[in-house]
Engineer: 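Would you mind keeping the following structure in view while I ask a few things?
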Amino acid sequence: MAEYKGIMTFCEIIEDELPSISKEVLGCGRKLADDLGQELCTVLVGSGVESLAQEAISLGADKAYVVDDPLLKEYQTDSYVQVMKKVVTQVMPQILILGQTSVGRDLVPMLAFRLDTTATLDCVELAIDPDTRLLQRIKPVFGGNAVATFTCDSYPQIATVRDKVMSPPEPDASKQGEIITIDAGLDPSTIRARLLKRVKEDEEGVRLEDASIIVSGGRGIGSAEGFNQLQELAAMLQGAVGASRPPCDNRWIAPNRQVGITGRIVSPDLYVAIGLSGSIQHLSGCGQAKNIIAINKDPEASIFNYADFGVVGDWKKVLPAFKDKLKELMSE
Ligand SMILES: Cc1cc2nc3c(=O)[nH]c(=O)nc-3n(C[C@H](O)[C@H](O)[C@H](O)COP(=O)(O)OP(=O)(O)OC[C@H]3O[C@@H](n4cnc5c(N)ncnc54)[C@H](O)[C@@H]3O)c2cc1C
């Protein structure tokens, strides 16, 4: 293992920019690098991406490896796995961290297999074991019922981290770093898939993952009209509307509003859960919220075990009073 050294992050690039998850991963990598007393490097893969290398350095990287090739313009598993394998084999980082995004989820298992190592996906925290100096990979298990810590002594130690569980670091424009170009050396015939068309998801208002306030409804809301009332509250709070699975299945609200293990994973400052029971599958998607307010007519509803504040009552009566009070407070 002696030859593996340093921390590496993969900087995902979306529409020629570093999305928040890439910055969060850089912040996490910086902390691990400092704890180990080692360097942090990052990898930027794409076409015309070199200009982002300095930004990655300002966010904590000591070195930025840039692999720039027109064949890498769009994410394709074959090309990105080949390139990442090449970079990792050349640099030999002790730890490699990526975001738990659709790219991370797709890339990591195949990359780990090709590098003959293990990977832990969907971590909510990463740390260094003080005794073994191994990477501790902390993640929810059993549908969010428990949190487990894994370590593994195969190298590089690979993990993905969930969106929004860490804060992006403040950029430091004065930070100096090295930018190193690596030739992709891709043979186009080895890229078996081609991107034919990109269809942008229709999403009204604030994206759930970006919302700092989410007003979420469950089966207890009962109809699409009911969700209009939730929409009003969300608009007052400049937040977004979410839902449990039954309202999406019933088309009271668009399926892309589903929060949970098979929906979106969110971590807003405030999650208002109305008429939803708090199933484990739902809480897996919103359990990281900083504050949860629950409104439910059943005092035994499991959501109250997770809520910071709870109101027992019929939402149709509670919500108008809640909105009136809010208007009053906002006009002060
Ligand atoms: C593989 C799998 C994946 C799944 N993935 C997800 C997922 O990603 N997200 C998800 O949400 N679910 C998911 N589910 C479904 C999950 O198991 C639950 O069935 C679902 O979360 C329940 O939704 P709910 O809380 O809205 O409904 P219910 O459990 O039926 O709860 C409705 C609540 O509304 C309250 N209520 C009713 N009327 C009122 C009223 N007038 N005022 C106030 N309160 C009222 C009731 O007291 C009750 O607590 C998944 C299930 C499986 C098997």
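Ligands are counted one by one from 1 in listed order, and the atoms in each one are counted from 1 as well.
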Engineer: What is the nearest protein non-hydrogen atom to atom 5 (N) of ligand 1, stated with its residue, atom name and distance?
Structural biologist: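 Closest protein heavy atom to atom 5 (N) of ligand 1: T262 OG1, 2.7 Å.
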Engineer: Once the angle between the rings of Y80 and F10 is folded into 0 to 90°, is it parallel (under 30°), tilted (30 to 60°) or perpendicular (over 60°)?
Structural biologist: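 Perpendicular: the ring planes of Y80 and F10 meet at over 60°.
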Engineer: Report, in ascending order of atom number, the atoms of ligand 1 lying under 4.0 Å from any heavy atom of G313.
Structural biologist: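 Listed by number with element: 42 (N), 43 (C).
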Engineer: Can you report which non-hydrogen protein atom sits closest to atom 44 (N) of ligand 1, along with the distance?
Structural biologist: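 Sorting protein heavy atoms by distance from atom 44 (N) of ligand 1 puts K297 N, 3.1 Å first.
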Engineer: Identify the protein heavy atom lying closest to atom 18 (C) of ligand 1, giving its residue, its atom name and the separation to 0.1 Å.
Structural biologist: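 Heavy-atom neighbour on the protein nearest atom 18 (C) of ligand 1: S279 OG, 3.6 Å.
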Engineer: Just go through D298, I303, N296, D314 and tell me whose heavy atom is the nearest to atom 48 (C) of ligand 1.
Structural biologist: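 It is N296 that holds the nearest heavy atom.
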Engineer: Only heavy atoms count here, so choose which of E300, Q281, R245, Q258 is nearest to atom 8 (O) of ligand 1.
Structural biologist: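 When every heavy atom of E300, Q281, R245, Q258 is considered, Q258 comes closest to atom 8 (O) of ligand 1.
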Engineer: Considering heavy atoms of the protein only, find what lies nearest to atom 30 (O) of ligand 1 and give residue, atom and distance to 0.1 Å.
Structural biologist: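 The closest heavy atom on the protein side is R219 NE, 2.7 Å.
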Engineer: From the options G218, G222, G275, select the one whose nearest heavy atom is closest to atom 33 (C) of ligand 1.
Structural biologist: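 Nearest option to atom 33 (C) of ligand 1, by heavy atoms: G275.
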Engineer: Ligand 1 and H282, any nitrogen or oxygen pair closer than 3.5 angstrom?
Structural biologist: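 Between H282 and ligand 1, an N or O pair is found under 3.5 Å apart.
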Engineer: Among all protein heavy atoms, pick out the one at the shortest distance from atom 40 (C) of ligand 1; state its residue, atom name and that distance to 0.1 Å.
Structural biologist: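 Looking at atom 40 (C) of ligand 1, the protein heavy atom closest to it is W315 CD1, 3.4 Å.
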Engineer: Testing the basics here: between S79 and L72, what is the closest heavy-atom pair and its distance to 0.1 Å?
Structural biologist: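 Here S79 and L72 meet closest at CB-CD2, 3.9 Å.
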Engineer: Using a 4.0 Å cut-off to any heavy atom of G263, which atoms of ligand 1 qualify?
Structural biologist: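 So the answer, numbered in order with elements, is 8 (O).
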Engineer: Is a side-chain N or O of Q100 found less than 3.5 angstrom from the main chain of T160, in a donor-acceptor match?
Structural biologist: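 Looks like no, no N/O pair under 3.5 Å.
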Engineer: Determine the minimum heavy-atom distance between A307 and A294, stating which atoms define it.
Structural biologist: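 Shortest heavy-atom separation between A307 and A294 comes out as CB-CB, 3.8 Å.
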Engineer: Quick check: closest heavy atoms across M8 and P93, and the distance to 0.1 Å?
Structural biologist: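 Nearest pair, atom of M8 first, then P93: CB-CB, 3.6 Å.
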Engineer: Testing the basics here: between V241 and A234, what is the closest heavy-atom pair and its distance to 0.1 Å?
Structural biologist: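 Looks like CG2-CB, 3.6 Å.
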Engineer: I'd like the name of whichever of P247, P299, P246 reaches closest to atom 23 (O) of ligand 1 through any heavy atom.
Structural biologist: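 It is P246 that holds the nearest heavy atom.
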Engineer: Could you point out which residue of K200, R198, K73 forms a salt bridge (charged side-chain N to carboxylate O under 4.0 Å, His left out) with E15?
Structural biologist: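 The salt bridge (charged side-chain N to carboxylate O under 4.0 Å, His left out) with E15 is passed solely by K200 among K200, R198, K73.
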Engineer: Report, in ascending order of atom number, the atoms of ligand 1 lying under 4.0 Å from any heavy atom of S244.
Structural biologist: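 Under 4.0 Å from S244, ligand 1 has these atoms: 11 (O), 23 (O), 24 (P), 26 (O).
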Engineer: Does a donor on one side chain sit under 3.5 Å from an acceptor on the other, for T9 and T42?
Structural biologist: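 Checked: T9/T42 side chains pair up, N/O donor to acceptor below 3.5 Å.
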Engineer: Mind checking whether V259 contacts ligand 1 via backbone (N, CA, C, O), side chain (CB onward), both or neither, at a 4.0 Å heavy-atom cut-off?
Structural biologist: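 For V259, only backbone atoms sit under 4.0 Å from ligand 1.
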Engineer: Name the closest protein heavy atom to atom 36 (N) of ligand 1, giving the residue it belongs to and the distance to 0.1 Å.
Structural biologist: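 So the nearest neighbour among protein heavy atoms is G220 CA, 3.7 Å.
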Engineer: To the nearest 0.1 Å, how far is atom 29 (O) of ligand 1 from its closest protein heavy atom, and which atom is that?
Structural biologist: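 Of every protein heavy atom, S277 OG, 2.6 Å lies nearest to atom 29 (O) of ligand 1.
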Engineer: Does a donor on one side chain sit under 3.5 Å from an acceptor on the other, for T101 and E12?
Structural biologist: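 Their side chains do contain a donor-acceptor pair, which is all the 3.5 Å distance test asks for.
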Engineer: So, for V108 and L98, which heavy atoms are closest and what is the spacing to 0.1 Å?
Structural biologist: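 Heavy atoms only, the tightest pair is CG2-CD1, 3.5 Å.
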